[in-house]
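We name chains A, B, ... by the order of the sequence lines, and we start the count at 1 in each one. Side chains are part of it too, since the values below use all heavy atoms of this structure and drop only hydrogens, waters and symmetry mates. Given the structure is predicted, the values throughout are model-derived calculations rather than measurements.
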Number of protein chains: 2
Amino acid sequence: MDSKDKDFYQAKADVLKALAHPTRLWMTEKLADGECCVRDFVELTDFDFSTVSKHLSVLKRAGIVDDEKRGKQVFYRLKVPCILNFMQCVEAVLRDRLDHQITMLK
Amino acid sequence: MDSKDKDFYQAKADVLKALAHPTRLWMTEKLADGECCVRDFVELTDFDFSTVSKHLSVLKRAGIVDDEKRGKQVFYRLKVPCILNFMQCVEAVLRDRLDHQITMLK
DNA sequence: ATAACATTTGGTTATTATGCCAAATGTACA
DNA sequence: TGTACATTTGGCATAATAACCAAATGTTAT
């Protein structure tokens, strides 16, 4: 693994890291249904505005979401819908793991 | 988001978290080309055996890889090839981000 | 049995992430 | 202009992660 490869894997890992948090993952999937502003997420959870805002900024920095200021609000949008296909794969991992656990108990 | 949803997003985030490290990501992609033992990864990097072993155990716990002991060695295998399709999406995010940066400079 | 090899586990330290509060910024409207 | 609203930023305490070294475990062959 040379230094160029290292940078590449670091960059890809950073995108994954942005998704690798339950709240951010939930937000990402929620945004697939249409744009939301910070307040929307605050109302659907028990997190502080600052917490929600920081999570969204992590997703934005990673390039997963986009934002647009309209009036007083900032609307966030899912920028890369292929993320959702990916989630199917993650769920496949979970199912597979479950099958394995069941097999172990038999 | 009720408590069942919360658990589900936590479980999915845990799978992503396992992948969200440059070394583990590299290992995962390497395993797509065929099984490797701990020593193989140690030789290709400058990490300690213990470091490599711990990374592999994170991937195993997440259900991404499988292991099999044969003789003195433990061989690791990619269990869920769909992870690789997912990587194409992550790379798309990177390309998209780059395009955006280029546009900003114009 | 013991020596050599392959891997894992335990322990330590440094770095990073999370979530809250408080304060700052930006925007619309009276 | 000032007040309310929406979001972001800074700071802090706590928790989680990563890498190394050393020691333990398990396996094969002498």
Side-chain angles (χ1 to χ4, degrees), chain A residues 1 3 5-7 9-28 30-31 34-77, chain B residues 1 3 6-7 9-28 30-31 34-62 64-77:
Chain A
M1 194 166 47
S3 113
D5 276 352
K6 221 172 145 183
D7 289 348
Y9 283 105
Q10 181 67 61
K12 289 195 281 187
D14 287 342
V15 174
L16 288 170
K17 213 175 346 178
L19 287 171
H21 186 283
T23 307
R24 290 197 292 268
L25 203 49
W26 169 74
M27 288 172 157
T28 302
K30 188 98 186 57
L31 288 173
E35 60 180 20
C36 293
C37 65
V38 178
R39 166 172 256 278
D40 293 333
F41 288 122
V42 170
E43 281 173 357
L44 289 165
T45 60
D46 275 326
F47 291 112
D48 193 76
F49 273 89
S50 65
T51 303
V52 168
S53 174
K54 278 175 187 174
H55 277 311
L56 286 166
S57 89
V58 170
L59 290 172
K60 186 184 165 188
R61 193 155 7 99
I64 294 163
V65 305
D66 232 358
D67 66 344
E68 187 189 351
K69 186 155 204 167
R70 288 204 306 273
K72 281 191 274 196
Q73 286 152 307
V74 178
F75 291 90
Y76 284 86
R77 271 190 308 259
Chain B
M1 194 165 47
S3 112
K6 222 172 144 184
D7 289 348
Y9 284 105
Q10 181 67 62
K12 288 195 279 187
D14 286 342
V15 174
L16 287 170
K17 213 173 348 177
L19 286 171
H21 186 285
T23 307
R24 289 196 292 266
L25 204 49
W26 168 75
M27 286 171 158
T28 302
K30 187 99 186 57
L31 288 174
E35 60 180 20
C36 293
C37 65
V38 179
R39 166 172 256 278
D40 293 333
F41 289 121
V42 171
E43 281 174 358
L44 289 165
T45 60
D46 274 325
F47 291 113
D48 193 75
F49 273 90
S50 65
T51 303
V52 168
S53 173
K54 278 174 187 174
H55 278 311
L56 287 167
S57 89
V58 170
L59 291 172
K60 186 184 164 189
R61 192 154 10 97
I64 295 164
V65 305
D66 231 359
D67 67 343
E68 188 190 351
K69 187 154 202 166
R70 288 206 304 274
K72 282 191 274 195
Q73 286 153 307
V74 178
F75 290 91
Y76 283 87
R77 271 189 308 259

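- Shown for residues 14-23 of chain B: residues whose heavy atoms fall under 4.0 angstrom of DNA chain D, namely B:K17, B:H21.
- Using a 4.0 Å heavy-atom distance criterion, A:R70 is classed as making no nucleic acid contact.
- Residues forming a side-chain hydrogen bond (donor to acceptor under 3.5 Å, both in side chains) with A:D14 (at least two apart in sequence, or on another chain): A:Q10.
- Not counting sequence neighbours, A:R61 has no partner by the salt bridge (charged side-chain N to carboxylate O under 4.0 Å, His left out) test.
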Per-pair distances, 0.1 Å, donor-acceptor, side chain in residues 44-51 of chain B, under 3.5 Å, sequence neighbours excluded:
{"from": "B:T45", "atom 1": "OG1", "to": "B:F41", "atom 2": "O", "distance (Å)": "2.9"}
{"from": "B:T45", "atom 1": "OG1", "to": "B:F47", "atom 2": "N", "distance (Å)": "3.3"}
{"from": "B:D48", "atom 1": "OD2", "to": "B:S50", "atom 2": "N", "distance (Å)": "2.9"}
{"from": "B:D48", "atom 1": "OD2", "to": "B:S50", "atom 2": "OG", "distance (Å)": "2.6"}

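- Under the rule for a salt bridge (charged side-chain N to carboxylate O under 4.0 Å, His left out), the partners of A:K12 that lie at least two apart in sequence or sit in another chain are B:E29, B:E91.
- Panel note: side chain B:R77, backbone B:D66; no donor-acceptor pair is recorded below 3.5 Å.
- The salt bridge (charged side-chain N to carboxylate O under 4.0 Å, His left out) search around A:D40 returns none, not counting sequence neighbours.
- In this structure, A:D7 has no salt bridge (charged side-chain N to carboxylate O under 4.0 Å, His left out) partners at least two apart in sequence or on a different chain.
- Residue B:H55 places at least one side-chain N or O under 4.0 Å from the OP1 or OP2 atom of D:dA19.
- A search for side-chain hydrogen bond (donor to acceptor under 3.5 Å, both in side chains) contacts involving B:K69 returns nothing, not counting sequence neighbours.
- In the helix from C:dA1-D:dT30 to C:dA30-D:dT1, the rotation axis of the first five pairs and that of the last five pairs differ in direction by 20°, rounded to 10 degrees.
- In this structure, A:L25 atom CG and C:dA17 atom P are separated by 18 Å, rounded to whole Å.
- One interatomic measurement links the two molecules: CE of A:M27 to C1' of C:dT18, which rounds to 13 Å at whole-angstrom precision.
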What string of B, S and - do you get for nucleotides 5-10 of chain D, 5' to 3', if B is base contact, S is sugar-phosphate-only contact and - is no contact with any protein heavy atom under 4.0 Å?
BSBBBB

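- Qualifying side-chain hydrogen bond (donor to acceptor under 3.5 Å, both in side chains) partners for B:H21, counting only residues two or more places apart in sequence or in other chains: none.
- No side-chain heavy atom of B:E35 sits less than 4.5 Å from a side-chain heavy atom of B:Q73.
- Straight-line distance from the CG atom of A:D46 to the C1' atom of C:dG19: 13 Å, rounded to whole Å.
- Not counting sequence neighbours, the partners of A:K60 by the side-chain hydrogen bond (donor to acceptor under 3.5 Å, both in side chains) test are A:D67.
- In this structure, the CD atom of A:Q10 is 14 Å from the C1' atom of D:dT17, given to the nearest Å.
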